Student: 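Below is a structure I'd like to ask you about.
Just so it is clear, the structure is predicted and the values come from calculations on it, not from any experiment.
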Amino acid sequence: MNCPLCEARDVGRIGRERYYCRECCHEWTKGDGVVKIYEVLSDGSVERLETKLEPFSRALQAHPVVRRRAG
């Protein structure tokens, strides 16, 4: 599986339908045609970035996300 934001393959599974990208440090859930993306904040909490992305590539072009590394 690849990250829907940066296309990296360094993806881990957190829960049943929850994933984490180690490259861009974002979490996401997917199901029922909906992708919800969350940014992991420095205190460990998450903040939702996008709500409904159909089709995902068009929505991503309209709302570019800056890639950054945690640390």
Student: For the atom pair CD (Glu7) and SG (Cys24), what is the distance rounded to the nearest 0.5 Å?
Tutor: 10.0 Å
Student: Find out whether Thr29 and Tyr19 are in side-chain contact, i.e. whether some heavy atom of one side chain is under 4.5 Å from a heavy atom of the other.
Tutor: no
Student: Quick one: side chain to side chain donor-acceptor pair (under 3.5 Å) partners of Ser42, sequence neighbours excluded?
Tutor: none
Student: Measuring only between side-chain heavy atoms, which start at C-beta, is Val11 closer than 4.5 Å to Asn2?
Tutor: no
Student: Could you check whether any side-chain N or O of Asp32 sits under 3.5 Å from a backbone N or O of Val34, counting only pairs where one atom can act as donor and the other as acceptor?
Tutor: no
Student: Between the side chain of Arg22 and the main-chain N/O of Cys25, is any donor-acceptor distance below 3.5 Å?
Tutor: no
Student: Measuring only between side-chain heavy atoms, which start at C-beta, is Trp28 closer than 4.5 Å to Cys3?
Tutor: yes
Student: Nearest 0.5 Å, please: how far is SG in Cys6 from CD in Glu23?
Tutor: 6.0 Å
Student: Run the salt bridge (Lys or Arg N to Asp or Glu O under 4.0 Å) test against Arg18 and tell me which residues pass, sequence neighbours left out.
Tutor: Glu27
Student: Within a strict 4.5 Å, meaning less than it, do heavy atoms of the Lys36 and Arg48 side chains meet?
Tutor: yes
